[in-house]
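Comments concern the structure below.
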Protein chains: 2
Amino acid sequence: MTKDVDMCEELCTHEENINQVKNNALVEKEILGLSEIFKALGDPTRIRILYALTQSELCVCDLVDILAMTQSAISHQLRTLRNLRLVKYRKEGKKVFYSLDDEHIINFLTQGLAHIRHN
Amino acid sequence: MTKDVDMCEELCTHEENINQVKNNALVEKEILGLSEIFKALGDPTRIRILYALTQSELCVCDLVDILAMTQSAISHQLRTLRNLRLVKYRKEGKKVFYSLDDEHIINFLTQGLAHIRHN
DNA sequence: ACCTCATATGAATATATGCTCATGCGTTAT
DNA sequence: ATAACGCATGAGCATATATTCATATGAGGT
C-alpha cells in the first residue's frame, strides 16, 4: 500500500483544516480576474495615469504633459486600461478625453496609499 | 519667440486644472510603493497563496498540497511576498509556517472580488 | 485636395518575471 | 555520524511586458 504521498505528509495543519481551505479556494475565473486587475495597477505609469484621472477628465495630450512621457507610451498604456474597462473615453474633434470607468479604482488607490504610508 | 511646445498645446483642459493635477501628483516613492504592492497581487499564484493564508496559517508543505504546485515555485513566491512584508513566517522544527502580515491584504482581496463579481 | 494635429498601433527591443532543475542548508530521526 | 525531511535559493529558460520608433488613421484647417 504505497500511499501516493511522495512529498511531505501535509500534516502541518489538521487535515480537515486543509480540506476546508481547498473547498473555500477561489475558482479559476476569480483568480484570473483578481490578478488581472491588480496587475493593471502594478505599473508606475498606469498608477500615475489613473491617479491623474481621479482628479479630472484629461485628454491624451494632457497626460503627455503631466507625466512627461511620450505620447506613444501613454497611448499604449491607455489601451491596456481601456481593455480592462478601467477607463473610458470620449472623442471631441481631434482630441480624446479619458476618465475613470470604475469606482473601485479610487478605493484601491486610496487604500493602497494608506497601506504604504502606514508601512 | 519659439515656444518650447513642439507637441500639442495641452489646452484640452484649463491650464490651471493641469497644474493642479501636477501639484497633486504622487511623489515617486508613493508611485513605486503602490505599483510594487499591486504588482505583488497581480499574479495568480500569489493570489492563491494569499487567499489561502486569509483562512489559516499554513506551512509550505500545506501550500504545495493546496495549490498543487512544486515546492520550489511556491517557495520562490513566498520569498517575494516576504520581501514585501505581506506575509510573515514562524519556524517550528523543520517546518515553516506562513501567515499574513498585513491587514490590508484581506481588504484588497475582498474589494477585488466585489469588483470582478460586480463586473 | 492638401497639410497639420491628436491619437492609435504594429514591430522591434530590452528588461522583468515565473517556473523548473539542481543543489544547499538546517533540523530531526536513526 | 549519517540519512531523511522541509524548505530556500541560484541558474537557466521561456514568456510577458514597457518603451521606442515608425507609421497609420481620422478630424480640422487652409
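Every chain is numbered from 1, with letters handed out A, B, ... down the list of sequences.
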Atom [atom1] of [X] to atom [atom2] of [N]: distance rounded to whole Å?
X	N	atom1	atom2	result
B:Ile74	C:dG18	CD1	C1'	13 Å
B:Met69	D:dC7	CE	P	16 Å
B:Leu84	C:dT17	CG	P	11 Å
A:Leu78	C:dA8	CG	P	7 Å
B:Phe97	D:dC7	CZ	P	8 Å
B:Tyr89	D:dT9	OH	P	8 Å
B:Leu67	C:dC19	CG	P	10 Å
B:Asn83	D:dA8	CG	C1'	12 Å

With respect to the phosphate group of [N], does any side-chain polar atom (N or O) of [X] fall under 4.0 Å of OP1 or OP2?
X	N	answer
A:Arg82	C:dT9	yes
B:Lys39	C:dT17	yes
A:Ser75	C:dT7	no
B:Arg46	C:dG18	yes
A:Gln77	D:dT19	yes

Mark yes or no for a side-chain to base donor-acceptor pair under 3.5 Å between [X] and [N], with no hydrogen or angle criteria applied.
X	N	result
A:Ser72	D:dC21	yes
A:Gln71	C:dA8	yes
A:His76	D:dT20	yes

Next item on the list: First locate atom CD1 of A:Ile66, then atom CD of A:Gln55, and finally report the distance between them rounded to the nearest 0.5 Å.
Entry: 8.0 Å

Notebook entry, point to check: From B:Gln111 CD over to B:Ile106 CD1, what is the distance, rounded to the nearest 0.5 angstrom?
Noted result: 13.5 Å

When you measure from the side chain of [X], which nucleotide among [options] comes out closest?
X	options	value
B:Lys95	C:dC19, C:dT9, D:dG6	D:dG6
A:Lys94	D:dC5, D:dG28, C:dC19	D:dG28
B:Thr70	D:dA18, D:dA8, C:dT20	C:dT20
B:Thr45	D:dT20, C:dC19, D:dC7	C:dC19
A:Cys59	C:dT7, C:dT9, D:dC7	C:dT7

Checklist line | Charged N-O contact under 4.0 Å between A:Lys22 and B:Asp65 | finding: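 Salt bridge between A:Lys22 and B:Asp65, a charged N being under 4.0 Å from a carboxylate O: yes.
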
Notebook entry, point to check: Does the distance from a Lys or Arg side-chain N to an Asp or Glu carboxylate O, for B:Arg82 and B:Asp101, drop under 4.0 Å?
Noted result: no

Next item on the list: Identify, between A:Glu92 and A:Ala73, the residue whose nearest nucleotide on DNA chain D lies closer to the 5' end.
Entry: A:Ala73

Next item on the list: Scan B:Tyr98 against the nucleic acid and name what it touches under 4.0 Å (heavy atoms): base, sugar-phosphate only, or nothing.
Entry: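 The answer is sugar-phosphate, as B:Tyr98 gets under 4.0 Å only of primed atoms, P, OP1 or OP2.
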
Note to self: Could you check whether the SG atoms of B:Cys59 and A:Cys12 sit less than 2.5 Å apart, since that is the cutoff I want to apply?
What the structure shows: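 Looking at A:Cys12 and B:Cys59, their sulfur gamma atoms lie closer than 2.5 Å, so the answer is yes.
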
Checklist line | Plane angle bin for A:Tyr89 and A:Tyr98 - parallel if under 30°, tilted between 30 and 60°, otherwise perpendicular | finding: tilted

